[in-house]
There are 2 protein chains.
Amino acid sequence: MQLQTAAHAASFDVASLAMCRGLESQAASHLAAISSTGKKAAGETLFAEGDDADCVYEVVKGTLRVCKLLPDGRLQIMGFPGSGHLLGLAAGGNHAYTAEAVTDVTLCRYPRASVDRLVDKVPSLARRLWTATSDELRFAQQQLVLLGRKTATEKVASFLLLLAEQQKSLDGTVFVSMSRTDIGDYLGLTIETVSRTLSKLKRDGLIALPVPDQVKLLDVERLSELAEGESESEA
Amino acid sequence: MQLQTAAHAASFDVASLAMCRGLESQAASHLAAISSTGKKAAGETLFAEGDDADCVYEVVKGTLRVCKLLPDGRLQIMGFPGSGHLLGLAAGGNHAYTAEAVTDVTLCRYPRASVDRLVDKVPSLARRLWTATSDELRFAQQQLVLLGRKTATEKVASFLLLLAEQQKSLDGTVFVSMSRTDIGDYLGLTIETVSRTLSKLKRDGLIALPVPDQVKLLDVERLSELAEGESESEA
DNA sequence: CGACCGTTTGAGATCCTTCAATACCAGTGG
DNA sequence: CCACTGGTATTGAAGGATCTCAAACGGTCG
């Protein structure tokens, strides 16, 4: 990953990033001063589970995959952070998960030591990072319900709605930048079950699937019911 | 729940609680000043999903159950917070989950508004709460792996080891204060599968099960291998 | 055009669930 | 003291959802 100090040649304004939301301009410029920017190509690894957590990252552009690995190779993806998401917040010395680029990605990097120092001086930054961590926690807890208690159909419906929300899709068209394998590893399913479930939703007229990486949500209301598990017929 | 201001008649020292870990004594006494204590009997509800999150709680004694409900009644338990655990940290205005007492419980309560004010003035408190939230996040992410990718046997083994760790069990005896139903709702399994799996572990000589609510871990090493999914034969 | 890679579809096996019966334990009343 | 009752846990048998293995399909790229 090529890095450069943001102050010199960033193609974006650090102070406008999510990390700085709610901060006084002085604090924001402190952050800008310690930040650097970088890129990763699709498929590259940003950091691996167990690595020294010496930095906090913010995704500026693109999508990452954040996952944990069981010794025998089973994979669980915790999420697909995109623009505005912060990474490495919950790291207690070492990263608790691996982060890889799904698409080409632009990142902003803040050395953890500097962030730590700044946090003690700037209450609004402390609050910002706490809030971001809280949000991530609430999201993870929602995902616990999905993995523990939802059926394959409910899982896939939830996933499609999540994508639509992230992409603020207007006409119901969502782009699926990750592979079926990734979707399966995110939903706790196999690639075949994901594919079959998508086909079923298509047969039932809930979605259209013109190409594998593009889904059109035809009946958002019914999909939402499915996603929340208000199971009736589900024929 | 009977409440009383801690300053008056608490049966414990607020400053010694988890909430205050790492705080200067002045900050700790501020916390003590805004705290109140209470009790809940087993089965009572502390707060429900969607309730106004006007307080942060700390468990002083006993065990809670924290869960989310699907509209059709399916339940996912996120955890069983015990002594020293903080609750309601990730609440963005409303509680994201329901908290109920598994056993009789003693609690310490801090009004959120006061905590919020204090957080901006006391960096060490901000850090304390951020850290607690981070820890909870890391725990939830570990649980995602369990729910998404582990088999019933691996789930139950993980659960037993977690209990042992929480209880700092010396001789391998752990007390199971929650019902089989609760265990199932925590592991994403049915009560029958939990029971069958425990019986299997017993048959295989990995645990003893003198009474339903007490388990003795006979082969922690093998259980750990199981829990981490280094699957070989598993006969 | 043909090889390649990811996706879709099919058939059978497996794990977990569902439904149902039995066992166990504590408390109650005869 | 012991049968009875209710609640929880265990065990059994059958069914179903998802997985595994395998083949077919469909775009992309040389």
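A note on names: the letters A, B, ... follow the listed sequences, proteins ahead of strands, and every chain is numbered from 1.
- A:Lys200 has its NZ atom 16 Å from the C1' atom of C:dT8, to the nearest Å.
- In the model, B:Ser158 has a side-chain atom that pairs as donor or acceptor with a side-chain atom of B:Lys150 under 3.5 Å.
- Contacts between residues 156-163 of chain B and DNA chain D, defined by a heavy-atom separation under 4.0 Å, are absent.
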- Task: In sequence, state the C-alpha distance, the side-chain angles, and the governing distance for A:Cys55 and A:Arg112, and then conclude on side chain to side chain contact (heavy atoms under 4.5 Å, CB included).
- Result: CA-CA 5 Å; A:Cys55 286; A:Arg112 182 158 260 275; 5.7 Å; no
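- The ring pair (Phe, Tyr, Trp, His ring centres under 6.0 Å) analysis of residues 141-163 of chain B, with sequence neighbours excluded, yields the pairs B:Phe159-B:Tyr186.
- Legend: residues meeting ring-ring contact (aromatic ring centres under 6.0 Å, His included) with A:His95, ordered by chain and number and at least two apart, are A:Phe47.
- To the nearest angstrom, P of D:dT11 lies 10 Å from CZ of B:Arg180.
- Expressed to the nearest 0.5 Å, how far SG of B:Cys67 lies from CG of B:Asp185 amounts to 8.0 Å.
- At least one side-chain heavy atom of A:Leu206 sits under 4.5 Å from a side-chain heavy atom of A:Leu226.
- B:Lys40 and B:Asp104 are not joined by a salt bridge, as no carboxylate oxygen comes within less than 4.0 angstrom of a charged side-chain nitrogen.
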Show me the donor-acceptor pairs, under 3.5 Å and distance only, between side chains in residues 170-178 of chain B and residues at least two apart or in other chains.
from	atom 1	to	atom 2	distance (Å)
B:Asp171	OD1	B:Thr173	N	3.1
B:Asp171	OD1	B:Thr173	OG1	3.4
B:Asp171	OD2	B:Thr173	OG1	3.3

- How does protein reach along nucleotides 14-30 of chain D, written 5' to 3' as B (base within reach of a heavy atom under 4.0 Å), S (only sugar-phosphate), or - (no contact)? ----SSBB---------
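- Salt-bridge check for A:Glu154 with B:Arg74: passed, with a basic side-chain N closer than 4.0 Å to an acidic carboxylate O.
- Between the CD atom of B:Gln214 and the C1' atom of D:dA9 there is a distance of 16 Å, given to the nearest Å.
- When heavy atoms are screened at a 4.0 angstrom cut-off, B:Ser195 is found touching base atoms of the nucleic acid.
- Nucleotide C:dC16 holds its C1' atom 15 Å from the CD1 atom of B:Ile191, rounded to whole Å.
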Kindly give the atom pairs (protein nitrogen or oxygen, nucleotide nitrogen or oxygen) under 3.5 Å for nucleotides 21-24 of chain C.
none

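- To the nearest angstrom, P of C:dG6 lies 17 Å from CG of A:Leu198.
- Nearest heavy atom pair, residue A:Ile191 against residue A:Arg180, reads CG1-CB, 3.9 Å.
- In this structure, CG of B:Asp213 is placed 9 Å from P of D:dA9, rounded to the nearest angstrom.
- Rounded to whole angstrom, the span from the CG atom of B:Leu209 across to the P atom of D:dA9 amounts to 11 Å.
- The closest side-chain heavy-atom distance from B:Leu137 to B:Gln141 is below 4.5 Å.
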